[in-house]
Amino acid sequence: MPEIVTAAMLVIGDEILSGRTKDKNIGHLADIMTAIGIDLKEVRIVADEEDEIVAAVNALRARYTYLFTTGGIGPTHDDITADAIAKAFGVPCEYEAKAYAMLEASYAARGIEYTEARKRMARMPRGADHIDNPVSIAPGFRIGNVHVMAGVPAIFQAMLDNVVPTLQAGTKMLSATVHCPFGEGLVGGPLGEIQRAHPDTIIGSYPKYSDGKFWTELVVRARSQQGLDAARADVEAMVAGLTSAAS
């Protein structure tokens, strides 16, 4: 059987929910996970509320192979992700010596005061490992199957680049697209029958509209070429039959 590795994402921050900040990290993570054969199964967005973060972390880390979080690891009072992750794992959140020294040296080299607020970025749950940050030094961290990263897209992407080589990759999903000149209302029934006949595949329909006409893009996904080819052949035969009947 193909090996299935799953992931979830937890986006943390009032600014996302209020609309002040537009998320750019979900799509990037989805692209990377798909490329390495990991199924991103769920994305949640929660406010800067410790109990809500704890509940979401514990639910998602128990359900999926990996959990990725973004946001809430900066220097301000509402950056509470490290505290919440520590609470979820039942361990103290404390200054991590390597991170503390690294940040202290970085600010000293730039002649910038190492304030209490900036020191907050060196706090992690006890036992966590660093996720290197080549952009602005302050590291993310991993504990268990949870990877905690910054919300700033450039930093998130750089951190994720360092995380990917450590992940267990799954069997990549193959896909094929079949053009259908009819709307979903006509293909929905027979497409459902094809899906039931090929339970190891995923068949999606995506309605389109252009030049005054509706049509549908049918996408077949499977982890084996044999399964993909069989389901695609049935979808193509369905479309051909509908086309013939309409002419």
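Numbers here simply count residues along the sequence, with the first being 1.
- Considering SG of C93 and CZ of R126, their distance stands at 10.5 Å, rounded to 0.5 Å.
- In this structure, M33 and Y66 have side chains that are not in contact, with every pair of non-hydrogen atoms separated by 4.5 Å or more.
- Using modelled atom types, one finds a donor on one side chain and an acceptor on the other under 3.5 Å when comparing T6 with T65.
- With salt bridges taken as basic N to acidic carboxylate O contacts below 4.0 Å, one links R63 and E42.
- Counting heavy atoms of neighbouring residues, nucleotides and ligands inside a 6.0 Å radius, atom NZ of K41 does not exceed 12 of them.
- Note that the CE atom of M9 and the CD1 atom of I26 stand 5.5 Å from one another [nearest 0.5 Å].
- Under the 4.5 Å side-chain criterion, counting only non-hydrogen atoms from C-beta, V220 is not in contact with S175.
- Expressed to the nearest 0.5 Å, how far CG of D161 lies from CZ of F156 amounts to 9.5 Å.
- The closest side-chain heavy-atom distance from L160 to L29 is below 4.5 Å.
- A donor-acceptor contact closer than 3.5 angstrom links the side chains of D229 and Q225.
- At most 12 non-hydrogen atoms from other residues, nucleotides or ligands lie less than 6.0 angstrom from CD of Q226.
- Note that the CG atom of D23 and the CD atom of E15 stand 10.0 Å from one another [nearest 0.5 Å].
- For D51 and K87, the salt-bridge test passes: some basic side-chain N is under 4.0 Å from an acidic carboxylate O.
- Nearest heavy atoms, A169 versus I36: CB-O, 3.2 Å.
- Between E116 and R118 there is no salt bridge, since no side-chain N of the basic residue sits under 4.0 Å from a carboxylate O of the acidic one.
- Contact check on R123 versus E94 returns no salt bridge, with no Lys/Arg side-chain nitrogen under 4.0 Å from an Asp/Glu carboxylate oxygen.
- With respect to D39 and R223, a salt bridge is recorded, a charged nitrogen being found less than 4.0 Å from a carboxylate O.
- Interatomic distance, CZ of R142 versus CD1 of I131, reported as 5.0 Å (0.5 Å rounding).
- Using modelled atom types, one finds a donor on one side chain and an acceptor on the other under 3.5 Å when comparing E184 with S205.
- In this structure, L103 and Y114 have side chains that are in contact, with non-hydrogen atoms separated by less than 4.5 Å.
- Under the 4.5 Å side-chain heavy-atom criterion for Ile, Leu, Val, Met, Phe, Trp and Tyr, M173 and L167 are members of distinct hydrophobic clusters.
- When side chains are defined from C-beta on, E50 counts as touching D83, because their heavy atoms get closer than 4.5 Å.
- When each of I12, T69, L17, V11 is checked for a side chain to side chain contact (heavy atoms under 4.5 Å, CB included) with V46, only I12 meets the rule.
- Taken together through direct or relayed side-chain contacts under 4.5 Å among Ile, Leu, Val, Met, Phe, Trp and Tyr, V54 and I73 form parts of separate hydrophobic clusters.
- You'll find the side chain of V163 reaches within 4.5 Å of the side chain of M149, heavy atoms only.
- Relative orientation of the F214 and Y209 rings is tilted, given thresholds of 30° and 60° on the angle between their planes.
- Cluster annotation: Y95 is connected to M121 through the hydrophobic network of ILVMFWY side chains, with a link wherever side-chain heavy atoms come within less than 4.5 Å.
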